[in-house]
Amino acid sequence: MSNFETNAIRNIPGNPHQREHSTPIALTSSFTFESAEEARQMFADEIDGNIYSRYSNPNTAELIHKLCVAEGTEAGIATASGMAAMFGSIASILQQGDHILAARSLFGSTHQLLTRIFPKWGITSTYGDISDYQNWDKLVQPTTKMLFLETPSNPGLEIIDLEWAGKFAAAHNLILVVDNCFATPYLQQPAKWGAHIVTHSATKFIDGQGRVLGGLILGTKELMDEVTYFTRHTGPSMSPFNAWVLAKSMETLAVRMDRHCNNALAVASYFQDSKDVEFVKYPFLPSHPQYELAKKQMKLGGGILTLNLHGGLARAQRFIDHLQMISITPNLGDSRSIVTHPASTTHSKLSSEERARVSITDGLVRISVGLEHQDDIIADIERALEKSRL
Ligand SMILES: *Cc1c(COP(=O)(O)O)cnc(C)c1O
């Protein structure tokens, strides 16, 4: 099986016990042993097998297997949320005194991790700007161990050159970690460009229907041994139920992403010349500053776009309040279209200077384009734009 769609549906480890066609949920905390000797051997890693669901579980194993096939990675673990994956990917590998070089445009909570939480344990970081690749050499310190980035970034939709990142990491002997949440492995596989670790918030497009939280850390066998040791003993495990939901969702990821991307491109194209917006940002619109790069490393443009409205915060809030169908909620990657105002919500903890540097203006609204008919999404936005004029 070599095609993404077929693998996501058919490439499943093991055989179900009762010949079920749909994988059953293994809702159990622990697993039994045939004998005291078998228990000893499993604990000693002499034989494989499930011991305890904080360590492994058939449902998380199926999800991890599918993601490894999709991303082209050797091993992985599933976590309770995307942030548990972001935290685990760093905390398991780095130690006091280590330094992280990161691209400035990061998810709000990831920014909190790097600037406020890891420094408590002596792990520091420096941000680089993607407009300035030629100067990143100067940002590498003798203690720099990791290059951390997110592309497309949330919510600025900045695209980082993964080929450049892979080469830069190799040249400086850095572990390259890529948060692939926005693209999903259907659109982009960072490991192909040299990423050692790929992280996900499975809460978003992988679930695709806004039901459960989940995260994944995927990567080389060598690094994942360290990550697995860390997560087994610190306990950010994913529930088997959530893993079952997410493994099923993987079966429809390709068709959903095709529709998300087609709808998003249609909405972005429709509003790009609207007099109500300063500009529309979408990776596959030719006006996107990294359009060529997006085309090179992504199969399609993704399900997220931003509208930068004239009239700042007040206009953005009036626009949101006039939407009738599109939901006001902080999630993204749902079958339902969603609007958020990053400056006053997800990125409100950043100073206005910090926001400006990652292109989050007061008039910016993020739209996660859902699976409704594109005409209805466009009509809702158009009506709200009209009604929000003064
Ligand atoms: C949502 C998100 C996260 C965090 O994931 P949770 O599942 O909410 O913990 C991390 N990175 C990006 C890019 C996200 O969009």
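- By the side chain to side chain donor-acceptor pair (under 3.5 Å) test, Asn154 pairs with Arg366, sequence neighbours left out.
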Just do the side chain to side chain donor-acceptor pair (under 3.5 Å) check on Arg10 and Thr6 with the steps written out, would you? CA-CA 6 Å; Arg10 292 285 178 183; Thr6 313; over 6 Å; no

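- Applying the side chain to side chain donor-acceptor pair (under 3.5 Å) test to Asn57 and every residue at least two apart in sequence or in another chain returns Ser53.
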When you look at Val198 and Leu216, which way does the side chain to side chain contact (heavy atoms under 4.5 Å, CB included) test go after all the steps? CA-CA 8 Å; Val198 178; Leu216 289 129; over 6 Å; no

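- Other members of the hydrophobic cluster containing Ile160, listed by chain and number, are Leu101, Ile130, Tyr133, Trp136, Leu139, Val140, Leu147, Leu149, Leu162, Trp164, Phe168, Leu174, Leu176, Val178, Trp193; membership follows side-chain contacts under 4.5 Å among ILVMFWY residues, whether direct or relayed.
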Solution key, residues 65-73 side-chain donor-acceptor pairs under 3.5 Å, sequence neighbours excluded:
from	atom 1	to	atom 2	distance (Å)
His65	NE2	Asn11	OD1	2.6
Lys66	NZ	Ala8	O	3.0
Lys66	NZ	Ala247	O	3.0
Lys66	NZ	Glu251	OE2	3.4
Glu71	OE2	Asn180	ND2	2.9
Glu71	OE2	His200	NE2	2.7

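- The distance between the ring centers of His233 and Tyr229 falls below 6.0 angstrom.
- With sequence neighbours excluded, no residue satisfies salt bridge (Lys or Arg N to Asp or Glu O under 4.0 Å) with Asp179.
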Step-by-step side chain to side chain donor-acceptor pair (under 3.5 Å) determination, Glu372 to Ser337: CA-CA 7 Å; Glu372 304 96 339; Ser337 294; 2.7 Å; yes

Residues 234-241, side-chain donor-acceptor partners within the protein, below 3.5 Å, at least two apart:
from	atom 1	to	atom 2	distance (Å)
Thr234	OG1	Phe230	O	2.7
Ser239	OG	Phe241	N	3.0
Ser239	OG	Asn242	N	3.4

What do the steps show when you test Arg383 against Glu386 for salt bridge (Lys or Arg N to Asp or Glu O under 4.0 Å), and what is the final call? CA-CA 5 Å; Arg383 190 185 320 106; Glu386 273 167 29; over 6 Å; no

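- Not counting sequence neighbours, the partners of Lys221 by the side chain to side chain donor-acceptor pair (under 3.5 Å) test are Asp225.
- One hydrophobic cluster, built from ILVMFWY side chains closer than 4.5 Å, cannot hold both Phe279 and Leu157; they sit in different ones.
- Contacts classified as ring pair (Phe, Tyr, Trp, His ring centres under 6.0 Å) and involving residues 309-364 (residues at least two apart or in different chains) are not found.
- No path of Ile, Leu, Val, Met, Phe, Trp and Tyr side chains, each step under 4.5 Å between heavy atoms, connects Leu246 with Ile77, placing them in separate hydrophobic clusters.
- Ile338 is not connected to Ile377 by any chain of hydrophobic side-chain contacts under 4.5 Å among Ile, Leu, Val, Met, Phe, Trp and Tyr, and they are in different clusters.
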Run the side chain to side chain contact (heavy atoms under 4.5 Å, CB included) check on Ile90 and Val177 step by step: do they pass? CA-CA 9 Å; Ile90 298 171; Val177 182; 5.9 Å; no

Working for salt bridge (Lys or Arg N to Asp or Glu O under 4.0 Å), residues Lys349 and Glu354: CA-CA 9 Å; Lys349 294 230 162 43; Glu354 284 175 320; over 6 Å; no

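- Taking Glu150 as the reference, nothing meets the side chain to side chain donor-acceptor pair (under 3.5 Å) condition, with sequence neighbours excluded.
- Summarising the local packing, CZ of Arg357 is surrounded by 12 or fewer heavy atoms from other residues, nucleotides or ligands at distances under 6.0 Å.
- Of all heavy-atom pairs between Ile159 and Met298, the closest is CD1-SD, 4.2 Å.
- Residues satisfying the side chain to side chain contact (heavy atoms under 4.5 Å, CB included) test with Asp258, not counting sequence neighbours, are Tyr186, Leu300.
- The ring pair (Phe, Tyr, Trp, His ring centres under 6.0 Å) pairs that include a residue from residues 256-275 are Phe205-His260, where partners are two or more places apart or lie in different chains.
- Residue Gln96 places its CD atom among 12 or fewer non-hydrogen atoms of other residues, nucleotides or ligands, all under 6.0 Å distant.
- For CZ of Arg336, the number of neighbouring non-hydrogen atoms (other residues, nucleotides, ligands) closer than 6.0 Å is 12 at most.
- Applying the ring pair (Phe, Tyr, Trp, His ring centres under 6.0 Å) test to pairs two or more places apart or on separate chains, those with a residue in residues 89-127 are Phe87-Phe118, His111-Tyr127.
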